Structures are given as C-alpha cells and as structure tokens.
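Some notes on the structure that comes next.
Since we're looking at a predicted model, the values are computed, not measured. Chain naming here is simple, since letters A, B, ... match the order of the sequence lines and numbering starts at 1 in each.
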2 protein chains.
Amino acid sequence: MNVHEAIQCLKKNGFKQTDKREDMLQLFADSDKYLTAKDVFDQLKEYYPGLSFDTIYRNLALFENMGILEMTELSGEKHFRFTCAGHQHHHHFICLECGKTKEIDSCPMDGLMENLKGYDISGHKFEIYGRCPNCVE
Amino acid sequence: MNVHEAIQCLKKNGFKQTDKREDMLQLFADSDKYLTAKDVFDQLKEYYPGLSFDTIYRNLALFENMGILEMTELSGEKHFRFTCAGHQHHHHFICLECGKTKEIDSCPMDGLMENLKGYDISGHKFEIYGRCPNCVE
DNA sequence: ACGTTAAATCGGAATGATTCTTAAAATTAA
DNA sequence: TTAATTTTAAGAATCATTCCGATTTAACGT
C-alpha cells in the first residue's frame, strides 16, 4: 500500500481527493511509525495554518475504515500507521519513545528475543477478544 | 492473592485500611472480570451514596501500583482485574460482552484455538513495547 | 478513651482526547 | 456552469480521567 493506491482506494469508494488527505497519507507513507492525531496535526499545521483537528480525526477514522491505516491504543491515545497488507500475519514492536515499529513475523514471545537484539523491551501485550460461551448462547 | 493479602500489602506499605478499599477489593475478588472505574463506582455507590469518582480512580491506581490489580486498556477505557500472581506467565481471553476472562497458558496464537472451543474470537492483540536501538543510545 | 497527624474522601472544577454541529467553501459529475 | 455532494473551519459538547481545596477519618501515642 502506498499513497497512490490509498488515493485510488478512496476514489473507488466515492471519496474525494484533497491536498490534506494526500499530505496525511504521505506522512504515514514516509515513516514506519505509529502517529497520534496530534502528531499529524503538528506536522500539517505549518502548511495549513487554519487546519482543524476535526479534519485530522475525520480522515484518520476514514482511512482506518478503508483499511488504509491500522490503529492501536497506547496510554489512552489512538495511534495509527499504514496497514501492512499483503504480508503474512504479524505483530509489531513499538518504540515507546519515537513510535517506530519493527515487524515481528512470529507470534509467540518464546524465542522472540533473538529477533530483537539491541532493543530494550519493557513489556508486551497479547490479548484475545470475542465472546465467551455464555455470551455466545 | 485475596482481599486479606491485599489489605496486608497496603498496610505494610503505610496505606490505611478503609471500608471503601475493602469493598473495592472484594468486588474484584468475587469475579474474574475486568472492571472499569465506572463498573466499580456503580456497584459501590448504592452502599456509599456520597461516593466520589476520585476515590475510585485513586484507589484503582494505588492497587495497580501495589501490584494488586492489573490493568489493560480496551476501547479507550482502563479495565482492571485481580493480578494472577504465582502462576506461570500467561495471557487472558477477555469477553467483550461481559468482561469475563479465561487464562491462556501459552503465548502464541498458533495452536491456540483448541483451548478456546465454544468461544467466538473476533480479534487479538499482541504488541511488544520498549525502546528501539536508536532510542537506547 | 483522647488528641494529633498524616492520609483518605468529597464535590466540583479542570483537563485532554475525541466527536459533534453548523454554516460556508470546495469538489465532482453531468 | 450548475446542482448535488463532500469537506472544511471554528467552536461547542462529550467522556474518561485527574486535579484541587476543604472536610473527614484511620492509625498511633499519650
């Protein structure tokens, strides 16, 4: 997925191409970081002095719905990054300082450390969501 | 870990025993569910009409710091449950409908479904946090 | 039991991220 | 170009959570 494909995806679904959407998408395309709405806002507002937060939030939600961005919640804030489509199922290491990510191709923690030499691991989260047998009935 | 042990842990660290703390802990001890601050508030306010949210939040944070409760963030809200101490490292299945949890003793998703017959799995999260090599320097 | 003192609680105000609202402006399709 | 639709700006509203000043309570020594 790149900016061009993302724009095509939007157009195909009847959404319009705008400068701000392009710039937002370019931001994500240029980095493998998870970004918050504020991160995006701060970087765009120098080009768009009157930029509104609403524009950022609306488009982030749109991009997520389209599958262009993927979202995770970290310490109470939503963080977004370009979807890693086409790959096998994988997870991410997320740097809590700079937001940079690294793909983790295997799923378990076991035997994982060898893929993360040089990283300082402070924690991890693995949770499964759904409905329990009681609630399924 | 039970209510008594939790209270002892508090006292040992110079915190006081109060009715509200006991009742909060009892709530968690009585269920294997993740509860939000609001869940706790709603259940306690019928016994303590003048109960303040601040009391709930302050004590939840205290319990988490003491290692009595463990916390996870789910759709923008903090959810707490009694810490599963003494066990081997494990994860939880969390029912999005009732909050009930089930221990998952293994870590990978691979070969996990056999432990979850009857469950309707809608998603899972596995993320590793820390500092990347750049930020470690 | 009583008084002291630090800690806990209360009630409400403040915060911060996110969403909603309204009217104006911009874009697309015909 | 025009009409219909979408997007935008600006600010108000919302929701969970935290902060604050004043009051109450638990723990401890007398």
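Smallest separation of non-hydrogen atoms from Phe28(A) and Phe80(A): CE2-O, 3.1 Å.
OP1 or OP2 of dG11(D) has not a single side-chain nitrogen or oxygen of Ser52(A) nearer than 4.0 Å.
Residues Tyr34(B) and Thr72(B) have side chains in contact (heavy-atom distance under 4.5 Å, counting atoms from C-beta outward). At least one side-chain heavy atom of Leu60(A) sits under 4.5 Å from a side-chain heavy atom of Met24(A).
Here the straight-line distance linking atom CD of Gln43(B) with atom NZ of Lys38(B) works out to 10.5 Å at 0.5 Å rounding. Residue Ile56(B) holds its CD1 atom at 5.0 Å from CG of Leu44(B), rounded to the nearest 0.5 Å. Phe82(A) CZ to Leu35(A) CG: the interatomic distance, rounded to the nearest 0.5 Å, is 11.0 Å.
The list of salt bridge (Lys or Arg N to Asp or Glu O under 4.0 Å) pairs with a residue in residues 71-85 of chain B, not counting sequence neighbours, is empty. The stretch residues 49-68 of chain B participates, sequence neighbours left out, in these side chain to side chain donor-acceptor pair (under 3.5 Å) pairs: Arg21(B)-Asn59(B), Thr55(B)-Arg58(B).
Although no hydrogens or angles enter the test, the distance criterion places a donor-acceptor pair under 3.5 Å between the side chain of Thr83(A) and the main chain of Ile68(A). The backbone N or O of Thr36(A) lies less than 3.5 Å from a partner atom in the side chain of Asp39(A), making a donor-acceptor pair.
Reading DNA chain C from its 5' end, the first and the last nucleotide to sit under 4.0 Å from a heavy atom of chain B are dA6(C) to dG11(C).
If you take CD1 of Ile56(B) and P of dT18(D), they are 13 Å apart, rounded to a whole angstrom.
Within residues 57-73 of chain B, the residues having any heavy atom under 4.0 Å from DNA chain C are, by residue number, Arg58(B), Asn59(B). Annotation: proximity of residues 41-49 of chain B to DNA chain D (heavy atom, distance under 4.0 Å) is found for no residue. Residues from residues 17-36 of chain A lying near DNA chain D, meaning a heavy-atom separation below 4.0 Å, are Thr18(A), Lys20(A), Arg21(A) in numerical order. Residues of residues 3-16 of chain B having a heavy atom closer than 4.0 Å to DNA chain C, listed by number: Phe15(B), Lys16(B).
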So which protein nitrogen or oxygen atoms get under 3.5 Å of nucleotides 20-24 of chain D's nitrogens or oxygens?
unit_1: dC20(D); atom_1: N4; unit_2: Asp54(B); atom_2: OD2; d: 3.2

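Take Thr18(B) and apply the side chain to side chain donor-acceptor pair (under 3.5 Å) test, not counting sequence neighbours, and it matches no residue. Under the side chain to side chain donor-acceptor pair (under 3.5 Å) criterion, Asp32(B) pairs with no residue at all, not counting sequence neighbours.
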Without placing hydrogens or testing angles, list every side-chain donor-acceptor pair under 3.5 Å for residues 3-15 of chain B, not counting sequence neighbours.
unit_1: Glu5(B); atom_1: OE1; unit_2: Met1(B); atom_2: N; d: 3.4
unit_1: Glu5(B); atom_1: OE1; unit_2: Asn2(B); atom_2: N; d: 3.3
unit_1: Lys11(B); atom_1: NZ; unit_2: Gln17(B); atom_2: OE1; d: 2.9

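Side-chain contact of Tyr48(A) with Asp23(A): a donor-acceptor pair under 3.5 Å is present, judged by distance alone.
Each end of the helix from dA1(C)-dT30(D) to dA30(C)-dT1(D) gets its own axis from five base pairs, and the two axes differ in direction by 40°, given to 10 degrees.
Across all strands shown, Lys38(B) has no heavy atoms under 4.0 Å from either base or sugar-phosphate atoms.
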